[in-house]
Amino acid sequence: MPPVSLSLAKRYTPNFREVYINSFIREFEKYKIPFLDYTNSTELQKEEYFFDDLFMNCKGRRIFTKQVLQDLNLIK
């Protein structure tokens, strides 16, 4: 799940997070499917990485892609 801006992440209530994120992740875990959740990644939530609350700009997309590839052990 890709990151969102810090200003949007602050608006996620615990109930919203449970209903729309955590319950979704648990469905993947039942089947042993890896799921990467970056919605709480403070390194990727910098306002300079977004052109609005949901969509990353070019700089943010490059940094996010590099992080995902590292987490998948595809690059060092």
Can you tell me how far CZ of Arg26 sits from CZ of Phe35, rounded to the nearest 0.5 angstrom? 12.0 Å
By salt bridge (Lys or Arg N to Asp or Glu O under 4.0 Å) - contacts of Arg61 (at least two apart): none
Could you check Leu8 against Tyr12 for side chain to side chain contact (heavy atoms under 4.5 Å, CB included), going step by step and ending with a plain yes or no? CA-CA 7 Å; Leu8 180 59; Tyr12 285 3; 4.1 Å; yes
With sequence neighbours excluded, what pairs up with Phe55 under the side chain to side chain contact (heavy atoms under 4.5 Å, CB included) test? Phe51, Asp52
How long is the gap from CD1 on Ile63 to CD on Glu43, to the nearest 0.5 Å? 11.0 Å
Write down the atom of Gln45, the atom of Thr39, and the distance for their closest heavy-atom approach. NE2-O, 2.7 Å
Atom CG of Leu44 and atom CZ of Phe64: how far apart are they, to the nearest 0.5 Å? 7.0 Å
The side chain to side chain donor-acceptor pair (under 3.5 Å) partners of Asp71 (sequence neighbours excluded) come to Tyr38, Gln67
Using the rule that Ile, Leu, Val, Met, Phe, Trp and Tyr join whenever any side-chain heavy atoms are under 4.5 Å apart, tell me whether Met1 and Tyr49 fall into a single cluster. no
Honestly curious: do Ile25 and Ile33 fall in one hydrophobic cluster under the side-chain, below-4.5 Å linking rule? yes
Taking the six-membered ring where the residue is Trp, are the ring centres of Phe24 and Phe28 under 6.0 Å apart? yes
Please indicate whether Phe16 has more than 12 foreign heavy atoms, meaning atoms of other residues, nucleotides or ligands, lying under 6.0 Å from its CZ. yes
Check whether any side-chain N or O of Asp53 sits under 3.5 Å from a backbone N or O of Val4 as a donor-acceptor pair, and report yes or no. no
Tell me, with the steps shown, if Asn40 and Arg17 meet side chain to side chain contact (heavy atoms under 4.5 Å, CB included). CA-CA 11 Å; Asn40 280 336; Arg17 189 152 183 79; 3.0 Å; yes
With distance as the sole test, does Ser5 use its side chain to make a donor-acceptor pair with the main-chain N or O of Glu47 at under 3.5 Å? no
Is the closest side-chain donor-acceptor distance between Thr13 and Asn15 under 3.5 Å? no
